[in-house]
Amino acid sequence: MIQYFEGYKPILITTRVTWQLPFHGWYKCNTDGASKGNPGPSSLGFCVRDDEGDVVYARAVDLGVTTNMVAEAKAILQGLEYCVEHDLHPLILETDSLVMKKAIEGEWDPPWVL
């Protein structure tokens with residue numbers, strides 16, 4: 001087993017990801033939540049940009065100790081709340097959380113904690 005791991009070379013696959021402007025007249029809200037440990041010290045952030053790519057608003061919040069899923073969900077919630085309160089629509093929401101994407105789209109049941 002030691003010989004196997006000494007000779008092991010991981011296969012790296014890279015994918016180029018680029019941020020794209022929202023459509024003309026639209027806004028885009030990008031969200032992220034993170035936890036160091038699960039649960040552990042957590043935070044969230046989101047930013048809203050207009051169709052020129054200019055930042056309209058950005059926020060970062062220390063959440064204390066929670067899970068990464070709660071941090072991701074709260075980032076989305078706070079981002080959407082801000083956009084609704086400030087009439088920033090039509091809106092595109094982008095998140096890096098596959099679980100939250102699938103839950104929002106109704107493909108997966110959200111975890112009970114959410």
Side-chain angles (χ1 to χ4, degrees):
M1 185 181 275
I2 292 172
Q3 287 176 336
Y4 171 79
F5 284 112
E6 285 177 341
Y8 178 75
K9 294 195 187 218
I11 298 171
L12 300 177
I13 299 172
T14 60
T15 303
R16 182 179 177 149
V17 178
T18 59
W19 186 87
Q20 296 179 344
L21 288 170
F23 307 115
H24 178 72
W26 285 60
Y27 295 89
K28 185 178 276 192
C29 180
N30 292 93
T31 67
D32 197 12
S35 179
K36 185 177 181 181
N38 206 18
S42 302
S43 60
L44 68 81
F46 70 88
C47 71
V48 181
R49 293 179 185 257
D50 63 18
D51 59 1
E52 298 289 319
D54 295 329
V55 174
V56 174
Y57 183 78
R59 179 186 300 167
V61 178
D62 180 354
L63 297 174
V65 175
T66 190
T67 65
N68 63 323
M69 286 302 307
V70 169
E72 293 280 7
K74 285 187 176 188
I76 291 170
L77 178 62
Q78 287 192 25
L80 291 176
E81 285 175 342
Y82 180 85
C83 291
V84 168
E85 290 168 6
H86 294 87
D87 293 322
L88 301 178
H89 55 81
L91 179 72
I92 298 167
L93 174 70
E94 288 185 342
T95 178
D96 67 343
S97 172
L98 179 63
V99 174
M100 291 307 304
K101 176 187 178 295
K102 297 287 189 179
I104 289 168
E105 292 176 344
E107 292 182 46
W108 294 354
D109 290 330
W112 67 268
V113 72
L114 301 180

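Every value quoted in this text rests on a predicted model; they were computed, and no experiment measured them. Below, all heavy atoms of this structure are taken into account, side chains as well, without hydrogens, waters or symmetry copies.
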Show the atom names and distances, to 0.1 Å, of all donor-acceptor pairs under 3.5 Å that link a side chain in residues 55-65 to residues at least two apart or in another chain.
from, atom 1, to, atom 2, distance (Å)
Y57, OH, R59, NE, 3.2
Y57, OH, R59, NH2, 3.3
R59, NH1, Q78, OE1, 3.1
D62, OD1, G64, N, 2.9

| task | Decide whether L88 and L93 are clustered together by the hydrophobic rule: side chain heavy atoms of Ile, Leu, Val, Met, Phe, Trp, Tyr closer than 4.5 Å, transitively. | result | yes
Give the table of side-chain donor-acceptor pairs shorter than 3.5 Å for residues 22-33, with sequence neighbours excluded, one pair per line with atom names and distance.
from, atom 1, to, atom 2, distance (Å)
H24, ND1, D51, OD2, 3.3
K28, NZ, Q20, O, 2.5
K28, NZ, E94, OE2, 3.0
N30, OD1, W19, NE1, 2.9
N30, ND2, E94, OE1, 2.7

| request: Output the distance between atom CZ (R49) and atom CD1 (I92), rounded to the nearest 0.5 Å. | output: 13.5 Å
| request: Side-chain contact test, heavy atoms from C-beta onward, threshold under 4.5 Å: evaluate it for S42 versus N68 and give yes or no. | output: no
| note | Closest heavy-atom pair, V48 versus Y82, reported as atoms and distance to 0.1 Å, is CG2-CD2, 4.4 Å
| Under 3.5 Å, is there a donor-acceptor pair between the side chain of T67 and the main chain of P39? | no
| Is Q3 atom CD crowded by more than 12 heavy atoms from other residues, nucleotides or ligands, each under 6.0 Å away? | no
| said: Measuring from atom CG of D54 to atom CG of L21, what distance do you get when rounded to the nearest 0.5 angstrom? | reply: 9.5 Å
| field | Nearest-0.5 Å distance, CG of residue L44 to CD1 of residue I76 | value | 10.5 Å
| Nearest-0.5 Å distance that lies between atom CE in M69 and atom CG in N38 | 9.5 Å
| Would M100 and L77 show up in the same hydrophobic cluster when neighbours are defined by side-chain heavy atoms closer than 4.5 Å? | no
| said: Is there a path of hydrophobic side-chain contacts, each under 4.5 Å between heavy atoms of I/L/V/M/F/W/Y residues, joining Y8 to I11? | reply: no
| request: Hey, could you give me the CG/CD distance between L98 and E107, rounded to the nearest 0.5 Å? | output: 8.5 Å
| said: Main chain of T95, side chain of S97: is a donor-acceptor contact present, judged purely on distance under 3.5 Å? | reply: no
